[in-house]
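So that the names make sense, note that chain A is the first sequence line, chain B the second, and so on, each numbered from 1.
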Amino acid sequence: MKVKLPDGSVREYEGKMTALDVVRDISEGLARVACAVKIDGEVHGLTTELTGDIDEFVVLKFEDEGGKDTYRHTASHIMAQAVKRIWPDAKVAIGPAIENGFYYDFDVEKPFSPEDLTKIEAEMKKIIAEDYPVKRFELPRDEALKLMEEKQEPYKVELINDLPEDAIISFYTQGDFTDLCAGPHLPSTGRVRSYKLLSAAGAYWRGSEKNKMLQRIYATAFDNKKDLKKHLNMLEEAKKRDHRKLGKELELFALMEEGPGFPFFLPKGMIIKNELVNYWREVHRKADYVEISTPIILSRQLWETSGHWTHYRENMYTTQIDENDFAIKPMNCPGGMLVYKMKPHSYKELPMRVGELGLVHRHEMSGALHGLMRVRSFTQDDAHLFMLPEQIKEEIKKTIALIDEIYTVFGFSYHMELSTRPEKSIGRDEDWELATNSLKDALDEEGLEYVINEGDGAFYGPKIDFHLEDCIGRTWQCGTIQADFQMAERFELEYIGADGQKHRPVMIHRVAYGSLERFIGILIEHFAGTFPVWLSPVQAKMLTITDRSNDYAYEVASLLESRGIRCEVDTRNEKIGFKIREARNERVPYIAVIGDKEIEESTLSVRMRGKKEDTILSPQELADKIADDVLNKK
RNA sequence: GCCACUAUAGCUCAGUAGGUAGAGCACCACCAUGGUAAGGUGGGGGUCAUCGGUUCAAAUCCGAUUAGUGGCUCCA
């Protein structure tokens, strides 16, 4: 039997060999850190018996794709084993590895408490110390069913029942625990080193709210303590940056019991919101957009035309005016359609780019609300683009460039995903084809990378989603570009072509921020509250040492204010150390200390963010510096 | 909406064999005019989320409601 390694070398073996034997033959050290192997493109466990020649034999360590999942999947079985030892009546459901860890779902009498998690962790420690070999075995479907019925595992029985009649079902067993599982796994439980149970929460069996609510335990595992600690620190860091906490501390926004999911913006948060709007208007003006504003409340007839009254009803707030039904808009498009339809359009006017910062309201489920990230009223930085079919590709390219420009200003990296026609969809095949190809071609021609989500588009058209990554590595879906055949059709949009005939334009809607509210939430976490100067609610603060400096401080402040700089003066009867502490906690980028010396020399002692030493500047120089930051969006 | 948990002063939190509330910060007053992350002293402030029940007595036990948190589902 020949085994070809990634370095091109070939090793020959005789007799029965497992993957682990080969890994050991390569090096004992490697065997200690190996989690799985990739054999001819497929990930297998180390105990897999090898048959025949192998063209590709890659050892997967924890850090390799496949290795991590194998490791964490084994950890999840250990967790399930521990739970079954403590609560023998618990029914196990599924327990996969996920992005940063793993979970396992259980059907138990009582939900898990934090103390239970500690207990489970302790039991896991024992199982790991007992170092059971993890063995795989296979059964035909009927025997597999019998085994799981005997073990009284109804969820596993259900899973097996969904498999084909002739399926060979694989199981893994470790000590007193046997689980239905496709694998792969580590060779023994002792291989799991660093793990931590994180939380317990309800989760529906198979993700459907029609099913029973199970108890899910989220946990994570790493192959060394250092990385586990690093990950836990990252979670801590994320907690510290939580926009709900910072939003309260920095007085940016508030959520009140009187308006669940309807955020209040406080003066400082409003400055950020307005700066985002100003910037948005600036870039859109340059990109030849016009801006409109359409009403928040519109008649039932309109929503019937758009289809929302029947398809989106449960998310809409409705009201009556003079005995007629009205709805508060959950989306801006219908209003935009009405504006387009006000007068006939020539093909010479297209493309038309019509922006709207539209405030929409959606009745989201109470349990879905989350700070500014998920609210019931929010402002979309919407725009509707009307164009000729042959203009789609170019418009898509321009829109991508626009969104790219916006994200780059905030220092976000991002990736794109293209979602294609879902099974349940409306529209003509040729429209879908044209739109999908236009999106694809635009991406390809610009040399952009993207993921394709087959069948994940909206029912009315394909879309490109932008997923931006914040500075601690979390991703957020913000921008989207969607082709929409339904609106143009339903509202019977038209333009007069060169042939003098009426034609249907192609309509695209797109957002860049997504929603101002969510984007602000993301910005708060991305910058951990330390906003760039142009977004800082207070850009400079004058701190006086004694009240002899007050006049000079006000003088400097009015100079800065005349340059449009947001400036505050702290003349309170407090020590300078105290004032500095507060100004720093408020994340003010330029903190100027003013005492007798500064008055004498007509200077400022400026403490800039990230610098230990003060910089001596004239008031004019400070104003120039801040103006420069603002101009360059720093 | 569903499962679990939480709700005490503006903020962060103490307060269990049920006996009608406490700290720090913030706020106010006074003293100190002090040079780079909290100067000192004093003071005001709470229908213990809301409603109901058990009890001689409820912040504390029970139930409901509201809101929040962690998830599920959904999503900008």
Side-chain angles (χ1 to χ4, degrees), chain A residues 103 105-108 110-114 116 198-218 239 242 244-245 248-249 251 254-261 312 314-315 330-332 358-382 458 465-466 476-480 482 509-522 543-550 571-586 591-598 605-607 611-614:
Chain A
Y103 68 79
D105 287 344
F106 303 94
D107 187 355
V108 279
K110 257 177 51 188
F112 299 107
S113 68
D116 291 340
L198 299 171
S199 61
Y204 297 111
W205 166 237
R206 296 190 147 181
S208 166
E209 59 187 323
K210 293 190 188 102
N211 292 337
K212 181 159 185 187
M213 177 74 68
L214 305 177
Q215 293 303 318
R216 174 172 299 178
I217 300 177
Y218 281 95
K239 232 187 238 170
D242 191 316
R244 293 166 299 187
K245 181 169 167 281
K248 191 184 244 175
E249 279 171 19
E251 295 180 6
L255 284 155
M256 311 206 195
E257 196 168 334
E258 290 81 353
Y312 206 68
E314 71 264 29
N315 279 304
M331 294 180 196
N332 301 302
L359 177 63
V360 297
H361 290 73
R362 297 181 188 173
H363 181 76
E364 299 293 347
M365 289 189 297
S366 58
L369 303 178
H370 180 94
L372 286 182
M373 301 301 191
R374 191 76 187 275
V375 291
R376 285 176 171 159
S377 83
F378 56 99
T379 309
Q380 289 183 307
D381 63 319
D382 221 335
D465 290 326
F466 291 75
W476 304 92
Q477 204 240 292
C478 290
T480 95
Q482 305 190 351
H509 28 199
R510 39 107 291 178
V511 288
Y513 292 140
S515 97
L516 259 341
E517 286 73 8
R518 175 184 284 181
F519 199 79
I520 289 169
I522 294 168
L543 312 184
T544 55
I545 289 176
T546 69
D547 48 22
R548 289 190 298 280
S549 350
N550 291 4
T571 58
R572 287 177 307 168
N573 193 9
E574 296 290 350
K575 296 215 178 218
I576 194 65
F578 180 82
K579 293 187 188 183
I580 287 174
R581 181 184 143 82
E582 283 209 339
R584 288 192 52 129
N585 284 342
E586 287 165 33
I591 301 169
V593 173
I594 301 176
D596 294 339
K597 204 172 88 192
E598 285 73 23
S605 186
V606 183
R607 188 186 260 239
K611 293 204 176 156
K612 290 223 166 100
E613 297 281 307
D614 282 5

Checklist entry - How does protein contact run along nucleotides 2-13 of chain B, one letter per nucleotide 5' to 3', with B for base contact, S for sugar-phosphate only, - for none, heavy atoms under 4.0 Å? => result BBS-------S-
Next on the checklist: Walk along nucleotides 25-30 of chain B from 5' to 3' and tag each nucleotide B, S or - by protein heavy-atom contact under 4.0 Å, base first, then sugar-phosphate.
Outcome noted: -S----
Could you pull out all residues at least two apart from [X] that satisfy salt bridge (charged side-chain N to carboxylate O under 4.0 Å, His left out)?
{"X": "A:K212", "result": "A:D107"}
{"X": "A:E249", "result": "A:K245"}
{"X": "A:R206", "result": "A:E158, A:D162"}
{"X": "A:R572", "result": "A:D570, A:E582"}

Qualifying residues under side-chain hydrogen bond (donor to acceptor under 3.5 Å, both in side chains), relative to [X], sequence neighbours excluded:
{"X": "A:S377", "value": "none"}
{"X": "A:D382", "value": "A:N332"}
{"X": "A:D242", "value": "A:R244"}
{"X": "A:R518", "value": "none"}

Next on the checklist: Taking 4.0 Å as the cut-off, does a side-chain nitrogen or oxygen of A:R362 come that near to OP1 or OP2 on B:C75?
Outcome noted: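 Answer is no, no contact under 4.0 Å.
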If you restrict it to nitrogen or oxygen atoms, what contacts under 3.5 Å exist between nucleotides 40-50 of chain B and the protein, and what is each distance?
none

Item to check | Residue pairs, two or more places apart or on separate chains, that pass salt bridge (Lys or Arg N to Asp or Glu O under 4.0 Å) and touch residues 363-378 of chain A | outcome: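 Residue pairs with at least one partner in residues 363-378 of chain A: A:E364-A:R374.
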Checklist entry - So what's B:C56 paired with, Watson-Crick or G-U wobble, going by both distances under 3.5 Å? => result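 Its partner is B:G19 (Watson-Crick or G-U wobble, both distances under 3.5 Å).
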